Amino acid sequence: MSVTRIVFGFHAVLSRIRQNPASVQEVCVDKTRKDARMQDLLQVAEQKGVRVMQMDKDRLDGLAANGRHQGVLARVEDTPLPYQDIHDILESDLAEPPFLLVLDGVEDPHNLGACLRVADAMGVHAVIAPKDRAAGLNATVRKVACGAAETVPFIAVTNLARTLRELKDAGVWVVGTAAEAEADLFSVKFNGPIAMVLGAEGTGLRRLTAETCDQLVSIPMFGSVESLNVSVASGICLYEARRQRQLAL
């Protein structure tokens, strides 16, 4: 049985319409918005044969549970992900060695959405996170991700440490970030199978997660601030990894 959920915000709704219009049951829009951005969305929906419903803002607020919907949301059917677990990733026909982002207990949905967006931009094959005490794929995450939640496989696991050990057994080099690490980001080679592990906001990696990593690295800091938001840190780490992987081609 298919499950229907709400996606809201221009980026998230447009991404779903363009990538999988058959899964969009209907698009609901604020009938008072007549600006160019709305007209562009309506045109794409018409081209893809997606039904559009005009309604009051109060009704949209209710459907989006008062989320920041920007005057547009969609009812969509959940579709199976191409990858259901890490073994699907590792056994698939990838064009390069596995490139994974692991998030250890990121609870802020805005941070998770931003991490997914960065992961998509840097060509990450999947984002892995624990099921408990961490943000999941909700409407806010999908909105912040600007469509990346629809393109980057998100794999929630029961036991993160065990998953990291499975990755290591499969030949993936697991690199965690820690401010106290002696090695820094620029001293590691990322052109092979890599899983980059970042910790939660404020607390960093949990002890068992850090102990399970093959290596810990710090992010070189050249200013006065002592720490970075996890989505910013993931952007820095993934960009350095992608830079090295491109040079290795």
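Quick note: numbers below take in every heavy atom, side chains included, and nothing from hydrogens, waters or symmetry partners. Just so it is clear, the model here is predicted, and its values are computed rather than measured.
Side chain of D88 to main chain of D85: a donor-acceptor pair is present (N/O by atom type, distance under 3.5 Å, no hydrogens or angles). A donor-acceptor contact shorter than 3.5 Å is absent between the side chain of E77 and the backbone of T4. Distance alone, capped at 3.5 Å, places no donor-acceptor pair between the S15 side chain and the A12 backbone. A donor-acceptor contact shorter than 3.5 Å is absent between the side chain of E26 and the backbone of V76.
The hydrophobic cluster containing F8 does not contain V24, counting ILVMFWY residues as joined when their side-chain heavy atoms lie under 4.5 angstrom apart, directly or transitively. A single hydrophobic cluster is seen to contain both L137 and V124, as judged by linkage of ILVMFWY side chains at heavy-atom distances under 4.5 Å, directly or through other members. Note: the hydrophobic cluster containing V188 also contains M221 (ILVMFWY, side chain heavy atoms under 4.5 Å, direct or indirect links). A continuous path of hydrophobic side-chain contacts links V232 to V106 [ILVMFWY only; heavy atoms under 4.5 Å].
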Walk me through whether H110 and T140 qualify under side chain to side chain contact (heavy atoms under 4.5 Å, CB included).
CA-CA 7 Å; H110 292 85; T140 299; 3.8 Å; yes
K143 vs R68, test: side chain to side chain contact (heavy atoms under 4.5 Å, CB included). Steps then yes/no.
CA-CA 9 Å; K143 178 178 182 294; R68 297 180 60 184; 4.2 Å; yes
Walk me through whether R16 and S23 qualify under side chain to side chain contact (heavy atoms under 4.5 Å, CB included).
CA-CA 8 Å; R16 175 53 76 106; S23 71; 2.7 Å; yes
Go through the steps to decide whether M38 and K34 satisfy the test side chain to side chain contact (heavy atoms under 4.5 Å, CB included), and finish with yes or no.
CA-CA 6 Å; M38 181 63 77; K34 306 296 182 183; over 6 Å; no
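For CD of Q54, the number of neighbouring non-hydrogen atoms (other residues, nucleotides, ligands) closer than 6.0 Å is greater than 12. Few gaps surround CD on Q246; more than 12 heavy atoms of other groups in view lie less than 6.0 Å from it.
With sequence neighbours excluded, no residue satisfies side-chain hydrogen bond (donor to acceptor under 3.5 Å, both in side chains) with R18.
Donor-acceptor pairing under 3.5 Å is lacking for the side chains of Q39 and Q43.
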Distance-only check: which donor-acceptor pairs under 3.5 Å involve side-chain atoms of residues 167-179, not counting sequence neighbours?
unit_1, atom_1, unit_2, atom_2, d
K168, NZ, T212, O, 2.7
W173, NE1, Q215, OE1, 3.3
T177, OG1, V197, O, 3.4

Ignoring hydrogens and angles, write down the donor-acceptor pairs under 3.5 Å from the side chains of residues 152-165, residues two or more places apart or on other chains.
unit_1, atom_1, unit_2, atom_2, d
N159, OD1, A161, N, 3.2
N159, OD1, R162, N, 2.9
T163, OG1, N159, O, 3.0

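Of all non-hydrogen atoms in G113 and V144, the two that sit nearest each other are C-CG1, 3.8 Å. For the residue pair I219 and A233, the shortest heavy atom distance occurs at CD1-CB, 3.7 Å. Across all non-hydrogen atoms, the minimal contact from V118 to G235 is CG1-CA, 3.4 Å. Closest non-hydrogen pair, S231 versus S234, comes out as O-OG, 2.8 Å. Taking every heavy atom of both residues into account, V217 and L185 meet most closely at CB-N, 4.1 Å. Taking both residues in full, the closest heavy atoms of C146 and R117 are given as SG-NH1, 3.3 Å, listed atom of the first, atom of the second, then distance.
Side-chain atoms of L73 and V7, non-hydrogen and from C-beta on, never get closer than 4.5 Å to each other. Residues L198 and V102 are not in side-chain contact: their nearest non-hydrogen atoms beyond the backbone lie 4.5 Å or more apart. Side-chain contact between R51 and V27 is absent, with no heavy atoms from C-beta onward closer than 4.5 Å. Looking at heavy atoms from C-beta onward, M55 lies in side-chain contact with L60 at the 4.5 angstrom threshold. Counting heavy atoms from C-beta on, the side chains of L116 and D120 never come closer than 4.5 Å. L103 places a side-chain heavy atom less than 4.5 Å from the side chain of C115. Considering only heavy atoms from C-beta on, L101 stays 4.5 Å or farther from I128 through its side chain. At least one side-chain heavy atom of F10 sits under 4.5 Å from a side-chain heavy atom of L41.
Using a 4.0 Å cut-off between charged side-chain N and carboxylate O, D104 and R206 make a salt bridge. Remark: E107 does not engage R133 in a salt bridge, criterion side-chain N to carboxylate O under 4.0 Å. A salt bridge is defined here as a Lys NZ or Arg NE, NH1 or NH2 lying under 4.0 Å from an Asp or Glu carboxylate O, and D35 with R33 meets this definition.
Going from atom CZ of R242 over to atom CD1 of I194 covers 12.0 Å, rounded to the nearest 0.5 Å. Between the SG atom of C213 and the CE atom of M196 there is a distance of 10.0 Å, given to the nearest 0.5 Å. Considering CD of Q25 and CE of M53, their distance stands at 12.5 Å, rounded to 0.5 Å. Taken to the nearest 0.5 Å, the CZ atom of R243 stands 11.0 Å off from the CG atom of N191. With values rounded to the nearest 0.5 angstrom, L247 atom CG is found 13.5 Å from F190 atom CZ. Distance check: K57 NZ to T32 OG1 gives 9.0 Å after rounding to the nearest 0.5 Å.
Remark: R245 is positioned above the aromatic ring of F99, its terminal NZ or CZ atom under 6.0 angstrom from the ring centre and at most 45 degrees off the axis.
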